[in-house]
> 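Can you read through this structure? Questions will come right after.
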Protein chains: 2
Amino acid sequence: MPGDEGPRRRRGEGVDLVHALLREEILDLVRAPGSPIDEIHLAQRLFMSRTPVRAAIVRLASEGLVTVLPNRSAIVSTVDLVNLRPFLEALTLMHRVTARLAAERRTEADLAAIRVCQARFTRARSVRDRAIADRELHAAIAGAGRNPYYTTLLCRLLDEERRLWCLHPSTVDPHPEGMSQHEALLAAITSRDIAQADHLAQAHTLHLRTALAQDLRRHPPF
Amino acid sequence: MPGDEGPRRRRGEGVDLVHALLREEILDLVRAPGSPIDEIHLAQRLFMSRTPVRAAIVRLASEGLVTVLPNRSAIVSTVDLVNLRPFLEALTLMHRVTARLAAERRTEADLAAIRVCQARFTRARSVRDRAIADRELHAAIAGAGRNPYYTTLLCRLLDEERRLWCLHPSTVDPHPEGMSQHEALLAAITSRDIAQADHLAQAHTLHLRTALAQDLRRHPPF
DNA sequence: TCCTTAGAGTATACATACAGTATTCTTGTT
DNA sequence: AACAAGAATACTGTATGTATACTCTAAGGA
């Protein structure tokens, strides 16, 4: 099977390939939360053996995107409503602390990288592209804060936020104030205004919180 | 080899076994930071095949305890001095936020569990046992805060702190104020005094910070 | 003497075979 | 007809073989 098709992958990139593919499919909700992941079919689809597929699943499990059931198939992690409160809580804190640190420590190179992401965000048209660009933008801001622990956690939370956005597209569909919020946040980081950056980061997640609540009221999940 | 010895492990617990063993050896500095991990020898030592060993290494890599070099052997993650500032920064924030939330949300059952950990901490005699008990205690406090994101990150940071303690034992060896600090923190959480819990959590890491600085001055790593 | 390079050796990344468990389908009984 | 027990099936966990990539050593050339 492995040699049947495919441009004879180089040794070592098989796991990354499966990991990236599964990750995208999970975040785009192509794979529904709770749906099982069949190692064999996935391996056959990618013309490789089960070994790298299993390794990728283990990695995704430690990132929280899949849940392994012992002696059963692994499933895509569910989007739990009881998890919503701690999620928004942690997202708010990480946005605030990374924005503060970015305002404090950013270099000119950081600002340039952030502006590239911002430009990419304004060009994004689909909900999915906006979600990806938004993640990259905030990851760049966190990177300017120079604390990999915060960056890692924020990226994980932004991944979960992407699934929420795909579940409730109306929270991001018009998104007119998203850009102006970003612009204001960038201005605060540029001028090293820590208090203002903190305030705007708080407002950013507050916006998400109210939009989600509105959406849940309009489209209750029951 | 697999059936040679060992009480015929049940299916599925092999990976957990290797993971737990490697984790302990890494945190106790039995395996030096930067030292390579030989899958084959480890598998032979535990009377199992390389497959579960590899799975455990992948898990440890995603937890940050080992670093996999592509097409090379995995190595124990190094304790980097340039990482010390973000580490202490994140540790302080996580201690503060988990203590605040614990003071806000703790139940009677939480208090009972925390007190069990505290009792275990006072009974601990060796540096290693104290480090383990300290981790369990703060994990219990974080658990009372009801935010798994904070709990996960704090536990990861406490693991790294354990390696620091083993590298610089003098920071914890006498440790007379550690217990009174814990007692005061527990009192604040019990009486739901959020501001006081925050303040004490901050003092807790400040103590670690100054002790580490003192120790680094006495025993410079060069 | 030092740098480059070729070859042997070793260990990882992947493939595949086997074993065990969970699920499902079938069959018999009430 | 509905339920239970057993068999068949399917997929996971583990073991092991194979090929590739890296390391180390040594030899040759500058």
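Chain letters run A, B, ... following the sequence lines, proteins first and then strands; every chain starts at 1.
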> What residues form a side-chain contact (heavy atoms from CB on, under 4.5 Å) with T152(B), not counting sequence neighbours?
none
> Kindly write out the residues that satisfy side-chain contact (heavy atoms from CB on, under 4.5 Å) with R120(B), not counting sequence neighbours, or none if the list is empty.
V116(B), R123(B)
> Just jot down the side-chain contact (heavy atoms from CB on, under 4.5 Å) partners of L65(A), sequence neighbours excluded, or say none.
R23(A), I26(A), L27(A), L60(A), E63(A)
> Across the strands shown, which category fits H41(A) at heavy-atom distances under 4.0 angstrom: base, sugar-phosphate, nothing?
sugar-phosphate
> In whole angstrom, what separates F47(A)'s CZ from dC14(C)'s P?
17 Å
> Could you name each residue pair satisfying salt bridge (Lys or Arg N to Asp or Glu O under 4.0 Å) that touches residues 142-153 of chain A, not counting sequence neighbours?
D110(A)-R146(A)
> dA19(D) P sits how many Å from R9(A) CZ, rounded?
17 Å
> Rounded to the nearest angstrom, tell me the gap between atom CD1 in I40(A) and atom P in dT9(D).
15 Å
> To the nearest 0.5 angstrom, please state how far the CG atom of D134(B) sits from the CG atom of L208(B).
9.5 Å
> From CD of E39(B) over to C1' of dT14(D), roughly how many Å is that when rounded to an integer?
14 Å
> For R128(B), which residues count as a salt bridge (charged side-chain N to carboxylate O under 4.0 Å, His left out) partner, sequence neighbours excluded?
E24(B), D28(B)
> Just to verify, what does R209(A) make a salt bridge (charged side-chain N to carboxylate O under 4.0 Å, His left out) with, not counting sequence neighbours?
none
> Output yes when at least one side-chain N/O atom of T51(A) is less than 4.0 Å from OP1 or OP2 of dC14(C), else no.
no
> With sequence neighbours excluded, what pairs up with E25(B) under the salt bridge (charged side-chain N to carboxylate O under 4.0 Å, His left out) test?
R31(B), R45(B)
> Side chain of P52(A), heavy atoms from C-beta onward: which of dA13(C), dA15(C), dT23(C) has the nearest atom to it?
dA15(C)
> Please report the distance, rounded to the nearest Å, between CG in L42(A) and P in dC11(D).
13 Å
> Return the value, rounded to whole Å, for the distance between atom CD1 of I75(B) and atom P of dA11(C).
17 Å
> Where do V68(A) and A74(A) come nearest, in terms of heavy atoms and distance?
CG1-CB, 3.9 Å
> Within residues 14-21 of chain B, find the residues that approach DNA chain D with a heavy atom at under 4.0 Å, and present them sorted by residue number.
G14(B), V15(B)
> Which residues within residues 54-70 of chain A lie with some heavy atom under 4.0 Å of an atom in DNA chain D?
R54(A)
> Do any N or O atoms from the side chain of S62(B) and from the backbone of R59(A) form a donor-acceptor pair under 3.5 angstrom?
no
> Please list, chain by chain and in numerical order, all residues satisfying side-chain contact (heavy atoms from CB on, under 4.5 Å) with I40(B), sequence neighbours excluded.
D38(B), Q44(B), R50(B)
> Quickly work out the R10(A) CZ to dT20(D) C1' distance and round it to whole Å.
13 Å
> I want to verify a distance call: between dA15(D), dC14(C), dA13(C), whose nearest atom is closest to the N71(B) side chain?
dA13(C)
> Looking at R50(B), I'd like to know whether one of its side-chain N or O atoms comes within less than 4.0 Å of OP1 or OP2 on dA15(D).
no
> Among residues 30-37 of chain B, which residues get a heavy atom nearer than 4.0 Å to DNA chain C?
I37(B)
> According to the salt bridge (Lys or Arg N to Asp or Glu O under 4.0 Å) rule, which pairs have a member within residues 71-89 of chain B, sequence neighbours left out?
R105(A)-E89(B)
